[in-house]
Each structure stands twice: as structure tokens, then as C-alpha cells.
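Protein chains get the first letters and strands the later ones, always in sequence-line order, with residue 1 at the start of each.
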Number of protein chains: 2
Amino acid sequence: MKLSTNAKHELEEALVTNGLRATRQREHVYGVLLTQRDHPTADEVYARAKQAMPSISLATVYNCLETLVECELVKKLNYEREPSRFCPNDGEHAHFLDEATGRVFDIDLPENFMREITNVLPQGFEAKKFKLSFSGYAPKDLAGDHCV
Amino acid sequence: MKLSTNAKHELEEALVTNGLRATRQREHVYGVLLTQRDHPTADEVYARAKQAMPSISLATVYNCLETLVECELVKKLNYEREPSRFCPNDGEHAHFLDEATGRVFDIDLPENFMREITNVLPQGFEAKKFKLSFSGYAPKDLAGDHCV
DNA sequence: CTAGGTGCAAAAGGTTTGCGGTTAA
DNA sequence: TTAACCGCAAACCTTTTGCACCTAG
């Protein structure tokens with residue numbers, strides 16, 4: 001869960017930029033997300049965070065996650081109304097939900113994908129964000145670490 | 001809220017196909033969705049449904065909506081964890097959330113869009129469905145009935 | 001007749017919040 | 001020093017469920 005010096009600086013900078021403080025809990029929660037990139041739910045983050053910081057509370061985990069999302073260091077994924085899942089923000093990508101296992105995979109998108117995809121919008125619509133997700137069946141023999 | 005004979009037959013057929021019964025409530029809820037295509041939440045559907053059928057309950061509205069979704073006559077939209085919204089299923093389309101007004105617009109997609117978009121998937125991923133949504137600013141002078 | 005549907009109220013489940021005590025700057 | 005943050009428990013809000021009654025086939 002230990003943050004690399006790089007990641008730590010990135011976090012501190014992002015927090016300061018947003019007028020927020022660097023705290024042990026925020027750093028630790030961010031570390032949890034960077035360590036195992038399998039789109040954990042808040043509950044799962046809580047369970048992992050408690051291992052090295054037993055006193056952290058679920059509410060604090062929720063608060064930290066929300067803070068990280070606001071700083072755009074973390075993305076919050078929603079599939080239907082299932083519990084939200086969180087992943088470090090590595091730029092633009094789509095998601096693929098494997099209906100067989102429930103795992104979520106990141107799908108890299110080509111350069112300029114946003115510019116191209118917004119071509120489907122009628123004139124006058126100004127998109128700031130888009131979300132693209134798929135569901136179906138993923139290859140069965142995919143290694144766990146593809147589940148980024 | 002009165003269903004056209006066409007829509008009524010479509011509904012009955014879809015229900016029978018799924019081994020379900022045609023009931024006044026299901027018919028009425030479907031009528032509500034067809035009458036005003038502005039992506040209402042379950043609560044809003046409930047409020048509209050009660051006007052002509054005061055005895056209907058919120059639980060029944062939820063049940064009917066779920067049934068209609070199962071029959072693929074209706075689509076359920078989720079934006080973040082806000083209340084789900086419902087619209088008649090007019091085939092493949094994306095959605096655009098206007099951040100200024102909260103309204104949701106349907107975006108028509110070109111022929112074969114699904115085939116093209118699934119090209120971004122690595123080999124071995126078999127997509128059954130996709131979801132595409134945008135958020136940003138819609139044209140301000142858009143008529144209400146574009147809010148399909 | 002009877003399996004399935006409805007209505008009510010209560011529960012579930014993820015997330016947020018109020019508050020008293022703590023901590024980073 | 002003090003505004004921001006944490007931990008706890010209770011509240012919130014959408015959605016689901018158990019159960020008794022009803023109704024379509």
C-alpha cells in the first residue's frame with residue numbers, strides 16, 4: 001500500500017490544487033487503489049485499507065474516495081445500481097464487464113477517440129465527458145492482472 | 001395514457017412470449033412511458049400513473065417497470081447512482097445528459113454502430129451489449145419533445 | 001380453480017451526514 | 001491556532017421483499 005514517491009507527490013499536488021489537505025487516510029486509500037487495480041468497491045477498499053490501518057472507518061473511506069474522485073486522481077464506475085467501483089484514473093478508457101465472473105476489464109481506446117465518438121452528436125451538443133461500457137464474455141484464460 | 005391498439009398488441013405479445021400476464025397496471029404503466037417520453041424516474045412514473053389509476057402502488061410501478069424491462073419493451077437508464085430512468089425501447093441509441101437542466105436526450109446512432117464500436121475490444125472479448133452516454137451542454141433552445 | 005399479480009408496510013443496502021474529538025498547516 | 005478532517009452511529013433514499021388478498025386464464 002506504500003505510495004511511490006512519485007504517486008505521493010502527484011497526490012499532494014492534486015490535493016493542494018483543490019485546496020485540500022494531505023492526510024494519512026487519503027494517502028493510504030490512494031495506495032490501496034494503486035496496489036491492486038481490480039476495480040474494488042468501497043467495501044473492498046475498506047477491507048484492504050484496514051489491514052494496514054485498522055482504525056480507519058468506512059465513512060472515511062467513502063470520504064477519501066470522493067475526495068480522490070474530485071481531484072480526478074480516481075474514477076468512479078457504476079454498473080446499473082450495483083455498488084460503485086473505483087480505479088486510479090489512467091486517462092480515457094472504456095470498461096468491459098464479464099458476465100461470467102463479474103470482473104471488470106479496462107479497454108484502451110485509440111487516440112482521438114473522444115473527438116471521433118462525439119461526431120454522433122447532433123449540432124449544438126457540447127460533450128464534456130463520455131462513458132462507454134460493454135458487457136458480455138471476456139476471454140476465459142485472461143490473467144488476473146489484465147483486470148486493471 | 002391510453003395505449004394504441006398497436007402498442008397494446010405489442011405489449012400483450014411480449015408478455016405472453018415471456019410467460020407473463022397482461023394486466024391493467026402493466027398496460028397503464030407502459031402507456032405512461034409512451035405518452036411522455038422524457039425518461040421519467042420510477043417516482044415520476046408513479047405520480048403520472050396515479051392520475052388515472054389512483055390505487056396503483058409504488059411497488060407495483062417498480063414491478064411493472066421491471067417486467068417491461070425484462071420483456072425488452074422498456075430500457076432502464078442509470079446515471080451515476082441517481083434514480084433509474086425509464087424509456088420505451090426504440091432500438092439502439094446513446095444518451096446525453098444536459099448538465100444545465102438535468103434533462104436527458106436520446107442520440108440516434110448510425111447503422112452498424114455496434115459492429116464498429118466493438119472494434120475497440122481486444123481479441124476474445126465478446127460484447128453482447130454496450131452503453132454510451134455523454135454529459136455536457138445541450139442546445140438551449142431545444143424543444144421539449146426532443147427530450148425523447 | 002390457482003398460479004401469478006397487486007398493494008401495503010417494513011426491510012434492505014449502499015451512501016451520506018451530524019457531531020464531538022483530532023490533526024495538518 | 002484553527003479550519004479541515006476523522007470516526008462513529010444514525011439517517012437517507014431508492015429499491016426490494018414478505019404476506020394477505022385479488023384476478024386473469
**Residue pair A:Lys131, B:Glu80: steps toward the salt bridge (charged side-chain N to carboxylate O under 4.0 Å, His left out) verdict** = CA-CA 11 Å; A:Lys131 290 196 175 174; B:Glu80 303 291 315; 2.5 Å; yes
**Prompt:** Just the endpoints, please: which first and last nucleotides of DNA chain D, 5' to 3', lie under 4.0 Å from a heavy atom of chain B?
**Reply:** D:dT14 to D:dA24
**Message:** Within the structure provided, determine whether B:Asp43 and B:Val61 are in side-chain contact (heavy-atom separation under 4.5 Å).
**Reply:** no
**Heavy-atom check, side chain of A:Pro40 versus side chain of A:Asp38, under 4.5 Å** = yes
**Prompt:** If only atom types and distance count, is the side chain of B:Asn89 paired as donor or acceptor with the main-chain N or O of B:Glu72 below 3.5 Å?
**Reply:** yes
**Message:** Treating B:His93 as the side-chain partner and B:Asp108 as the backbone partner, does any N or O pair qualify as donor plus acceptor under 3.5 Å?
**Reply:** no
**Message:** Go through it in stages, so that I can follow the logic: the residues are A:Asp90 and A:Lys75, the test is salt bridge (charged side-chain N to carboxylate O under 4.0 Å, His left out), and I'd like the CA-CA distance, side-chain angles, deciding distance and then a yes or no.
**Reply:** CA-CA 9 Å; A:Asp90 292 318; A:Lys75 271 195 179 125; over 6 Å; no
Separation of [X] atom [atom1] from [N] atom [atom2], in whole Å?
X: B:Leu15; N: C:dT6; atom1: CG; atom2: C1'; answer: 15 Å
X: A:Met53; N: C:dT23; atom1: CE; atom2: P; answer: 12 Å
X: B:His28; N: C:dT6; atom1: NE2; atom2: P; answer: 13 Å

**Message:** Quick check: on DNA chain D, is the nucleotide nearest B:Ala59 upstream (toward 5') of the one nearest B:Arg24, or the reverse? Name the residue that is more 5'.
**Reply:** B:Ala59
**Message:** Please classify the nucleic acid contact of B:Thr23 as base, sugar-phosphate, or nothing, using heavy-atom distances under 4.0 Å.
**Reply:** sugar-phosphate
Show the distances under 3.5 angstrom between N or O atoms of the protein and N or O atoms of nucleotides 12-15 of chain C.
{"unit_1": "C:dT15", "atom_1": "OP1", "unit_2": "A:Ser84", "atom_2": "N", "d": "3.1"}
{"unit_1": "C:dT15", "atom_1": "OP1", "unit_2": "A:Ser84", "atom_2": "OG", "d": "3.0"}
{"unit_1": "C:dT15", "atom_1": "OP2", "unit_2": "A:Tyr62", "atom_2": "OH", "d": "2.4"}
{"unit_1": "C:dT15", "atom_1": "O5'", "unit_2": "A:Tyr62", "atom_2": "OH", "d": "3.4"}

**Message:** Parallel, tilted or perpendicular, judged at 30° and 60°: which one describes the rings of A:His39 and A:His95?
**Reply:** perpendicular
**Message:** If you assign each of B:Arg26 and B:Tyr46 to its closest nucleotide in DNA chain C, which residue comes earlier from the 5' end?
**Reply:** B:Arg26
**Complete:** Note: for B:Arg21 and B:Ser55 on DNA chain C, the residue whose nearest nucleotide lies more 5' is B:Arg21
**Prompt:** Taking only N and O in the side chain of A:Gln25, is any of them less than 4.0 Å away from OP1 or OP2 of C:dT23?
**Reply:** no
**Prompt:** Excluding sequence neighbours, so at least two apart, what forms ring pair (Phe, Tyr, Trp, His ring centres under 6.0 Å) with A:Phe96?
**Reply:** B:Phe125
**Asked** Do you see a donor-acceptor pair shorter than 3.5 Å between the side chains of B:Asn63 and B:Thr60?
**Response** no
